[in-house]
Amino acid sequence: MAASPTTSPSLELPADATLPERHPEAPAPGEPIPPHSAVCFGCADVPHGLRLEFRVAEDPAGGAAVAARMVLRPDQQGAPGLLHGGLLTAAFDEVLGSVVALVTRPCVTARLETDFRRPMPIGSTLWLHARVDGRVGRKLYVTGTARLDAEDGPVVGTAKALFLKVGMEHFLRNSRPEDLEALGVSAEQIRAARS
Ligand SMILES: CCCCCCCCCCCCCC(=O)SCCNC(=O)CCNC(=O)[C@H](O)C(C)(C)COP(=O)(O)OP(=O)(O)OC[C@H]1O[C@@H](n2cnc3c(N)ncnc32)[C@H](O)[C@@H]1OP(=O)(O)O
């Protein structure tokens with residue numbers, strides 16, 4: 001039988017993966033993680049955003065983990081009264097990306113797989129957890145879980161992802177120049193990266 005897309009070997013933790021530790025300058029377990037940008041759809045306090053709130057979680061194995069929370073609003077519906085599925089995937093992208101950033105940065109999502117296990121009613125709160133399971137070179141393997149209304153509530157979704165470490169040139173070459181300039185990058189730096 002052909003392998004299903006949900007069992008793609010590219011998301012399986014390779015045998016030679018090692019468990020990466022939190023970066024020495026990353027916040028400690030229990031500490032909040034501030035938004036990485038003032039305009040991020042996932043973590044910033046913007047009207048249309050997911051408005052995820054984060055803290056570093058304790059990982060019993062000594063690795064990197066985060067916990068996050070997201071209140072489900074009426075403007076996030078797909079089916080009547082239920083969260084749009086794509087927004088759970090977006091939430092996982094943000095939460096899994098945040099835990100990777102405790103280890104190394106910058107990284108980007110290369111592959112992300114979501115399993116939707118139960119409907120998510122508007123008005124409830126999602127409690128998300130993510131952990132870096134292993135690293136091989138530039139590749140970071142991450143898993144996450146979303147639960148309903150409590151940190152030990154019923155599981156409504158799970159995710160697996162592969163993130164890749166990239167250089168700053170990834171953004172210098174690909175981001176809109178005006179957004180880079182708003183961060184203090186000069187037009188000359190942008191031109192040099194793109195020449
Ligand atoms: C300067 C100021 C800016 C400041 C901003 C910074 C803060 C930003 C923070 C915000 C962050 C926001 C974050 C966001 O919003 S991330 C937003 C969503 N993600 C993206 O936009 C990423 C788009 N993709 C790419 O740019 C490239 O494809 C990347 C960089 C991912 C790889 O292209 P690259 O040329 O680098 O790598 P490679 O092709 O040589 O592959 C290398 C290895 O990886 C394996 N592989 C690759 N893809 C997949 C896949 N899909 N499944 C399985 N495996 C895959 C591949 O087989 C190979 O394996 P091996 O052969 O080595 O075994």
Side-chain angles (χ1 to χ4, degrees), residues 2-18 20 22-23 25-27 32-46 48-56 64-66 68 70 84-115 128 130-144 146 157-195:
S4 97
T6 58
T7 55
S8 163
S10 65
L11 290 178
E12 296 305 321
L13 190 65
D16 60 344
T18 54
R22 262 181 302 113
H23 190 277
E25 288 170 19
I33 305 175
H36 69 83
S37 132
V39 292
C40 175
F41 174 76
C43 61
D45 186 13
V46 289
H48 57 280
L50 301 179
R51 298 184 222 156
L52 281 151
E53 294 169 11
F54 289 92
R55 68 178 157 78
V56 180
V66 299
M70 170 179 155
H84 191 291
L87 295 186
L88 178 63
T89 298
F92 273 132
D93 193 17
E94 185 69 27
V95 175
L96 274 55
S98 295
V99 75
V100 163
L102 294 181
V103 171
T104 185
R105 58 172 77 176
C107 295
V108 295
T109 327
R111 186 181 165 96
L112 170 61
E113 182 179 292
T114 304
D115 288 303
L128 299 111
R131 145 177 224 271
V132 180
D133 293 327
R135 178 177 186 169
V136 181
R138 293 174 60 208
K139 296 179 178 177
L140 291 108
Y141 294 82
V142 196
T143 49
T158 54
K160 283 186 176 186
L162 171 69
F163 282 76
L164 278 180
K165 174 96 185 255
V166 294
M168 280 301 168
E169 66 277 5
H170 176 92
F171 305 98
L172 291 173
R173 287 194 192 127
N174 297 299
S175 300
R176 277 198 316 182
E178 56 265 47
D179 297 311
L180 292 170
E181 286 169 20
L183 293 173
V185 180
S186 71
E188 178 48 41
Q189 285 172 290
I190 299 169
R191 257 197 309 277
R194 295 178 186 204
S195 64

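Bear in mind the structure is a predicted one, so any value in this text is a computation, not a measurement. Read the numbers this way: they start at 1 and go in the same order the structure lists the ligands and their atoms.
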* Structure fact -> Between Asp179 and Arg176 the two heavy atoms that sit nearest each other are OD2-NE, 2.7 Å

* For Val46, does its backbone N or O pair with a side-chain atom of Arg51 as donor and acceptor, under 3.5 Å? -> yes

* Near ligand 1, at a heavy-atom separation below 4.0 Å: residues by chain and residue number -> Ser10, His36, Cys107, Val108, Thr109, Ala110, Arg111, Arg138, Lys139, Leu162, Leu164, Val166, Met168, His170, Phe171, Leu172

* To do: Keeping to residues at least two apart or across chains, list the side-chain hydrogen bond (donor to acceptor under 3.5 Å, both in side chains) pairs with something in residues 89-100.
  => Thr89-Thr114, Asp93-Thr109

* To do: Give a yes or no on this: more than 12 heavy atoms of other residues, nucleotides or ligands lie within 6.0 Å of atom CZ of Arg194.
  => yes

* Structure fact -> The side-chain contact (heavy atoms from CB on, under 4.5 Å) partners of Ala193 (sequence neighbours excluded) come to Leu172, Arg173

Donor-acceptor list for residues 163-171 side chains, cut-off 3.5 Å, not counting sequence neighbours:
from   : atom 1 : to     : atom 2 : distance (Å)
Lys165 : NZ     : Thr104 : OG1    : 2.8

